[in-house]
Structure formats: C-alpha cells, structure tokens
Amino acid sequence: MKNRVGSSGQPSRGEALAPFWAIVQADLGGLFRSRITYGWLLAAVFIQVVRTLGSRSAGTTSSVVPSGLSDFVYIWSLVIIGLAASSVSSEAGELADSIMSKSVTRLDYVLAKFASRIAYTLICFSLVTAVLVGLTLRLEVGDYDALGLTSAVLLIALTLVTLTTLGVGLSIAMPNTVMAIVTLLVLWYAMTILFPVVGLDPLSPGSVLGELPGIVRGAWSWGESETVAGFVAISGVSTALSSAYFHLKDI
Amino acid sequence: MGQRVIEMENLTKIFGEKLIAVNNLNFAVEEGAIFGFLGPNGAGKTTAIRLLLGLIRPTAGEVKVFGEKMTPGSSSLRRRMGYLPTNPRFPPKMTPIKYLDFVGILFRLGREERVKRLSTLIRSVGLLGDSSREIAGFSTGMVTRLGLAAALMNDPELLILDEPTSGLDPNGRMSTLELIAELGKEKTIFVSSHILSDIDRICTDVGVLSEGKGIFSGSIKDMKKRTRSHVVRLELEGDVRKFCEALKPAKWVVGFETRGDYGVDITFASELPMADAVREATDLASRQGLDLISVSSSTSSIEDAFMELLRDEESRGFLRAT
C-alpha cells in the first residue's frame, strides 16, 4: 500500500497552514464580491462625506469623528451582525461536502472563519474611517490629540471585532442562521442600551461612544482600559468556546 | 489476504439518544477491492460513510482507515481519501477551475501539481466547456461529475462514493460506472448504492446494511450462493404446456410453475448440481421442439439475493421480538 502521508509524514509549516489560508481567501473573496459589501461601503462613505461637509462651519474633530464612528455601533453593526452570524451556519450543506471531507482540521476551518470575518470587518471599517478622519482633519477645527484620535478609532475597531467574534461564535453554536442573527441582535443592543443601566458601562458600546470626544482630545481613563480588557476577554472566550464546541460537534 | 484499508468494529451511532442510525456494524474492506455498500434508503449508509470520514463521532465502537483510528482530527488520513457525496453541494459562486484549485490547496498540493491535475480531471469528466461557468448554473449530472473530479484531485488511495449514479441519466450512469470500474484497477473503492444492478456490475465485494445493522459481508458470488435455491428459470418459444407435460415424469424434477405465457420455473432435486439441471431442462425443451429464449437460476440475480437477505433479517427480528 502506498504510504505517502501518514502519521510519520508531517507536513511543513507552510503546507500545514495552506488549508487555513485557502479558506480565508475563499471567504474574503466571496464577501468582497458580494453586493452587500459594495452597497455598505458606498452608503457609509457617502454618509461620512455628507456629515463632514455639513458640519464644515461649526464642527470640531472631537465631535465629528465620534459622530461618524457611532454609525458603526448603531447602524452598520446590522451588516456585521448579518454577515458574522451567518458565516458558518449558512454553509452547513457545503461544509461537509466541499471542505471538511478534505485534509482540513476543524481548527483550521474555524480559525479561518474567525480570521476572514474579522479581517473583512476591519478592512471595511478602515476604508470608511479613513474617509471620515481624512476629511475631518482637513475641514474641521483640529481640537484633537493624535494619540487620542488613534485610540478612539482603535477602540471602535476592537468593539466591532468583539461583535464579529460573537457573531461567528453564535453561527458555530446555532445551526439555524436566523436564530443566530436574532440572538446576536438582541445581545448587541442589550449591551449597547441596557448594560449602562445595570452598571456594566465598560462593556457597553453605547457608553464607549459617550467617552469618545474626550478620548479624541487625549483624555484616556481607567474606564477605557477596562473596556479594552473586557472586549478582549469577550472575544477570546467566544473564540475559544465556539472552537471547542465545533471540535466536538457532528457535521 | 490483502491489507485491510477499512475496518469497522462494533461501530454504532445514535443521534440524540433516539435514532439508532448505525448499529454495531462490523465490516472490513481489503486493499484493491471495489466494495459495494448496499442497503435500502434510510438503512444508515450515509451515516456510516460520515463516520468513515470522521465528520461525525461514533457513539460506540470505532472505524479504522489504513490501520489508524479515524477521528475528526485525522486530516492526514483524509489526505489519502477521496469522497463523492450524494447530490454534492459546492460553493455556488466558484467555477470548476477555482473549486478544484481550492480543493487542491485543502489537500496541500503544490501549484504545479494542482494545475496539472485539475486540467486533466476537468477534461476527463467532460467539463472543459463549462470550466469557467459558475457552479450555481450546473445540472445534477454536471455537479456529480465535478464532485468526482474533486474526489480524485488528491489521487487518493481510497475512494468513497455515496450513491454516485443518483440523479444521472442512463448515459451518465453508464459512463460513471465504467469510470469507477477503471479506477478500481488501481484504487480501493467503497461505493454505496441502493441500485443493485450497479453494484453487481462493478463490485468485487459487498456489505449489506438493513436498519443500521450489517446483515452480510463477503464477495458478490458468496452473497448469491448463500441464497441459492434449486430453481432454474426458462423462457421458451413454442408450446409451453407440452413442455410442462414432459416435465411431469422426469425424476430430477421436484416441481414446476409457469410464469406468464413463455416462462417456467423448475424446482430440481437438491443433490443435482445446477449445471446438470440446466442441461436436463434445455435438452428436454429441445426434444419437445421449443426454442430457448433465456435460461437463468431464479436466484442468480443480486436483487433476489438482496431481498432474501432482507427477508431473513426481518423474520429474525420478528422472532427476537416474540
């Protein structure tokens, strides 16, 4: 019997990572070819341009940038929720046939899904935010601190990464895509609106938005560090738990 | 005896503590065999295949492939296997070239090898003209052919085909069977089907599954032999009644029954070999001036053998219940 690859034939590191990169590329390729992405980017850039030009006479960087970033938490989070929470469950039929029956480990697949959806969120966020920040710095009163402005953008990026990991995690745990989307919607808006009411301000995207003008001006407080730690922890736990669950589940 | 490529040992899968899909299955497939995995719809064939690929975990027992235990993490074992699912589903926005290249990367093939294999395979399965069309617009036959190409992308030692002729027109079915027979010359093939004539045509060995349980495993010849009775079936042109009259005094005949206008089933004495019984019957027909249209053992078809096995299993189940 031929024995080209067996327990003794360990693939090189490049070979070992090939399935992971192939899944990431295929997933990102599919996302960036979709009309949803084009529509989202066009609408988001258009709104940022209108906002910046509209506040030209009276706006400041510390008011316009947080206002532009809030779109991601309140409006564009819907797109992220839809795409993240359907990432695994929507391809349940193809999953076994076209991917998992090949030489792919479950960890390859699940980590590739997290990586591609996070990369997609960050690329779209970066493109729209680059327009917002670029126009604001050119047109508005510059009451900002460079490090503060960068921190504010990165804090919202982290918030969206947390939303994406929660979405992919739910998509792994729930076989029904609609159920996963609804659950994430409820969770996200509960975090945004209800968490401050029950004293969980650091984990509330709504509270983070309230702090953004100060952060842009350079006022970083202990509360923001708690938020960073909280969102990193939520993302890590969500990724670890859903990966462990996917490893055990029948597909 | 060849090396065992697949070994299922007391393999059991229960879904949600309710449905016993596979029940204490014990099958072995040797290297170089074309193993037919037979069973009616819902018998548990696809579940057994998913266990074989490590897509689901057994509730009890184990399955070994190439002598190693198959688990969801056994990607190195899957690297030596090709799989064609029933009615396969592939990424609809990809083209065959893109999809086969993707599959090649999943199998960790180098770029040069991928390009070489995918161009050969696309031509072999007749998809060259559609190689840059999106899979979304493909017919069932085209998707199956693409699935077969994907299953062969890594040049596997073991090929697992789940109902490969399902949804194909007669032409497609025939060419798929020919391709499987051709591939069987250099690979071990595990092919599931409920189409008995397909199995009879291409397989060397067979395993029969009924309600999740293995009820037979062996060569096709053994399966037919096991259910052989002492009946020879003739189809004749001429006066069949005259032939039946001539059968009555014959010592080797235990009984007979007419089948329609030109068929007769003759039950012969058990000590008489089948070949002698056929010779006696055809000689008699010839002496009576009848032309022979066909002659067969009434249980020589795999259909009869299969039905007999299922009936046996059903009656055993009934006895166990009483």
Side-chain angles (χ1 to χ4, degrees), chain A residues 1-37 87 90-110 112 175 243-251, chain B residues 2-5 13 15 31-32 47 49-51 53-57 66-68 72-94 98-99 101-110 135 147 150-151 153-158 160 162 186-188:
Chain A
M1 197 186 318
K2 285 189 276 180
N3 195 9
R4 295 170 307 177
V5 182
S7 50
S8 56
Q10 292 297 321
S12 68
R13 180 183 262 196
E15 272 187 335
L17 287 175
F20 169 84
W21 287 117
I23 297 167
V24 169
Q25 281 173 17
D27 200 36
L28 278 176
L31 286 169
F32 280 109
R33 274 194 302 272
S34 81
R35 287 182 191 154
I36 294 173
T37 304
S87 56
S90 67
E91 61 180 30
E94 298 158 28
L95 184 60
D97 290 3
S98 62
I99 300 176
M100 299 313 297
S101 61
K102 315 298 179 212
S103 184
V104 177
T105 65
R106 300 210 170 177
L107 199 61
D108 282 337
Y109 176 78
V110 89
S243 301
Y245 176 74
F246 190 71
H247 187 70
L248 296 173
K249 96 181 217 185
D250 286 344
I251 49 176
Chain B
Q3 204 167 340
R4 287 181 165 184
V5 174
K13 179 67 187 179
F15 288 111
E31 189 187 1
T47 304
I49 286 177
R50 292 169 81 82
L51 287 161
L53 287 158
L55 296 173
I56 55 178
R57 289 167 191 272
F66 302 116
E68 287 180 41
S74 304
S75 64
S76 63
L77 288 180
R78 281 193 292 272
R79 198 172 173 184
R80 299 165 69 184
M81 300 162 76
Y83 169 53
L84 170 69
T86 330
N87 304 322
R89 287 171 66 182
F90 301 126
K93 292 276 175 195
M94 284 192 184
K98 203 146 199 174
Y99 178 63
D101 190 50
F102 175 65
V103 169
I105 300 173
L106 295 184
F107 280 119
R108 300 175 169 92
L109 303 180
I135 298 171
M153 192 64 195
N154 56 329
D155 190 17
E157 293 160 63
L158 169 63
I160 295 168
D162 192 2
E186 53 182 42
K187 297 179 191 306
T188 306

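To find a chain, count down the sequence lines: A is the first, B the second, and so on, and within it residues start at 1.
- For chain B, no part of A:Leu107 is nearby; none of its heavy atoms comes within less than 4.5 Å.
- For the atom pair OG (A:Ser103) and CZ (B:Arg80), the distance works out to 11.5 Å, reported to the nearest 0.5 Å.
- Looking only at side-chain heavy atoms (C-beta outward), A:Met100 and B:Leu53 stay at 4.5 Å or farther from each other.
- Separating the CD1 atom in A:Ile99 from the CG atom in B:Leu55 is a distance of 12.0 Å, to the nearest 0.5 Å.
- Most heavy-atom pairs under 4.5 Å with chain A: of the set B:Asp101, B:Ile105, B:Leu106, this distinction falls to B:Leu106.
- A pairwise comparison of heavy atoms in B:Phe102 and A:Ala22 identifies CE1-O, 3.5 Å as the closest pair.
- How far CZ of B:Arg108 is from NZ of A:Lys102: 14.0 Å, rounded to the nearest 0.5 Å.
- Comparing B:Arg78, B:Lys98, B:Lys93 by heavy-atom pairs within less than 4.5 Å of chain A, the highest count is held by B:Arg78.
- Of the atoms belonging to B:Met81, not a single heavy atom falls under 4.5 Å from chain A.
- The backbone N or O of B:Gly73 lies less than 3.5 Å from no partner atom in the side chain of A:Thr105, so there is not a single donor-acceptor pair.
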